[in-house]
Protein chains: 2
Amino acid sequence: MENYLKCIYNLYVQNDTILLTDLADYMNVKAPSVNSMIKKLAKNGWVKYEPYKPIKITVSGKRRAAEIIRKHRLTEMFLCEMLEFRWDEVHHIAEQIEHINAPEFFERIDMLLGYPKSDPHGSPIPDKYGAITAQAYKRLSDCAKGELVTLKALNRSDESLLKLLTNKNIHLGCTLTVKEIEQYDGSITLKLSDKVYIVLSKTVCDNLMVL
Amino acid sequence: MENYLKCIYNLYVQNDTILLTDLADYMNVKAPSVNSMIKKLAKNGWVKYEPYKPIKITVSGKRRAAEIIRKHRLTEMFLCEMLEFRWDEVHHIAEQIEHINAPEFFERIDMLLGYPKSDPHGSPIPDKYGAITAQAYKRLSDCAKGELVTLKALNRSDESLLKLLTNKNIHLGCTLTVKEIEQYDGSITLKLSDKVYIVLSKTVCDNLMVL
DNA sequence: ATAATAAGTTAGACATATCTAAAAATACAA
DNA sequence: TTGTATTTTTAGATATGTCTAACTTATTAT
């Protein structure tokens, strides 16, 4: 149920209402599984369910989801900061630890890390009441030629995207200047540092959030 | 299955062969549950099962159990040393974290802690190959009047025992002098420090391992 | 407006882990 | 040695979460 709620929340951030099928795809599960689980989530008051209607997460559902996301992101931060894992290694470990039921454990981790506001991929860490500070970032792919921006966060951080960025020496906080935007496919040429120019596809740039 | 194997190992340490009923009691589960799980463990080669015979753990079962116990004890140590939990708070959190499947995670924790040899209750931490260094401790209840000993480990560390010891200011490494042994019930009067004398029941002393 | 397509639901199967109740095997003791 | 008590096993139920196949409802496009 925690996994369902977390995924529902992730999809909700992109789009207010959620199609059962999309959730099924997102979770690598078949539609009937989602259908039956949604009814259970609805019984707990975490989603609103009406037959044949799209799924809507409730206020209490968001709060519950934020708890899990908080645990996930605090864990990722802990893994990077204290155990020196790379940002592309932490997700699958955090996926497991996020389900640990021990509030004091995460409180201590939070304290030890100095109450971080975002995780190693720049995603905000909800506070312990479930409140998330909105981020005002924009997509790199929406920037104009000539703009100088700082990489603040990643939109969806697949392991393969993280590896690609690491290979090109791109990390959170680095500055990027938009040098060229290709009309044909939206790929962007960026200046990374003095003599370092790189080209990123539109797909990649869609996932880089900058300011 | 991990929980079964861990419990089987714990009972095996006390007694080479294990009665199904004892395991059921130990795990707060009924006999038929154990019976069916034992067959699964046997299929994995972790225990030897013959109908109506007591359960025997195999070499590979011990190795597998040691992995889990290693994760449990490393976690307990991490919780005490890095997150400053008390020794009576760590068990229920470690019970959950021991099932995390991420060898690198525990390797890093181990490194961060400086490769500890025992957990906060003095129990040995198996190395990553499952080898456990035997401890040559004896029971406090087996000591003679006049002996001066150091508390090295606890036998079974229930939360209530830990709290009792904490209240009496007894911790690992503290020195104890056996002042009096009561014939009637085996309770022992101990000198803790200059003017501090305490009385512990035989039941408590059975669980205090000293050297 | 209706046919085709997509989305959602139901029914029934399977796997896991648990239980109770009852039967079978073993151990113990008079 | 035979009856009683204990231990173990089997059979069948329940709960959870998954699946496939078939059916129903909704959407879309001509």
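Excluded from the calculations below are hydrogen atoms, water molecules and symmetry mates; all remaining heavy atoms, backbone and side chain alike, are included. Every chain is numbered from 1 and lettered A, B, ... according to where its sequence line falls, protein lines coming before strand lines. Just so it is clear, the structure is predicted and the values come from calculations on it, not from any experiment.
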(message) What is the distance, to the nearest angstrom, from the NE2 atom on His99(B) to the P atom on dA17(C)?
(response) 12 Å
(request) Answer yes or no: does a side-chain N or O of Ser33(B) lie under 4.0 Å from OP1 or OP2 of dA17(C)? (result) no
(request) Side chain of Leu19(A) only, please: which of dA7(C), dT18(D), dC19(C) is the nearest? (result) dA7(C)
(message) Which nucleotide wins on minimum distance to the side chain of Thr21(A), given the candidates dT18(D), dT18(C), dA7(C)?
(response) dA7(C)
(request) Measure across Ile68(B) and Lys6(B) and return the closest heavy-atom pair with its distance rounded to 0.1 Å. (result) CG2-CD, 4.2 Å
(message) Rounded at 0.5 Å granularity, tell me how far CG in Asp142(A) sits from CD in Glu147(A).
(response) 9.5 Å
(message) Are Asp158(A) and Asn207(A) packed together at the side-chain level, in the sense that at least one heavy-atom pair is separated by less than 4.5 angstrom?
(response) no
(request) Check the distance between dG17(D)'s C1' and Tyr4(A)'s OH and give it to me in whole angstrom. (result) 7 Å
(message) Is it the case that over 12 heavy atoms from other parts of the model lie below 6.0 angstrom from the CD atom of Glu84(A)?
(response) no
(message) Tell me the interatomic distance from Lys30(B), atom NZ, to dT9(D), atom P, rounded to whole angstroms.
(response) 17 Å
(request) Would you please classify the geometry between the Phe78(A) ring and the Phe78(B) ring as parallel, tilted or perpendicular, with 30° and 60° separating the classes? (result) tilted
(request) Cation-pi check, Arg108(A) to Phe85(B): give yes when NZ or CZ is under 6.0 Å from the six-membered ring centre and within 45° of the ring axis, no otherwise. (result) yes
(message) Regarding Val34(A), tell me which of base, sugar-phosphate or nothing describes its non-hydrogen contacts under 4.0 Å with the strands shown.
(response) nothing
(request) Would you kindly give the CE-to-P distance between Met37(B) and dT16(C), to the nearest whole Å? (result) 9 Å
(message) If you only use heavy atoms from C-beta on, which nucleotide in dA7(C), dT18(D), dT9(D) is closest to the side chain of Asn35(B)?
(response) dT9(D)
(message) Strictly under 4.0 angstrom, non-hydrogen atoms only: write out the protein contact profile of nucleotides 22-29 of chain C, one letter per nucleotide from the 5' end, B, S or -.
(response) ---SS---
(request) Within residues 39-47 of chain B, find the residues that approach DNA chain D with a heavy atom at under 4.0 Å, and present them sorted by residue number. (result) Lys39(B)
(request) Rounded to the nearest angstrom, tell me the gap between atom CG in Asp22(A) and atom P in dA6(C). (result) 14 Å
(message) Output the rounded distance in Å from CD1 (Ile55(B)) to P (dT8(D)).
(response) 7 Å
(message) As an exercise, state the distance from CG of Asn3(A) to CE of Met37(A), rounded to the nearest 0.5 Å.
(response) 9.5 Å
(request) Look up atom CD in Gln96(A) and atom CG in Asn101(B), then write down how far apart they are to the nearest 0.5 Å. (result) 5.5 Å
(request) Report the distance from atom CD of Glu50(A) to atom P of dT9(C), rounded to the nearest whole Å. (result) 11 Å
(message) What is the distance, to the nearest angstrom, from the CG atom on Asp25(B) to the P atom on dT6(D)?
(response) 13 Å
(request) Locate the shortest heavy-atom distance separating Ser157(A) from Leu162(A); write the atom from each residue and the value. (result) O-CD1, 3.9 Å
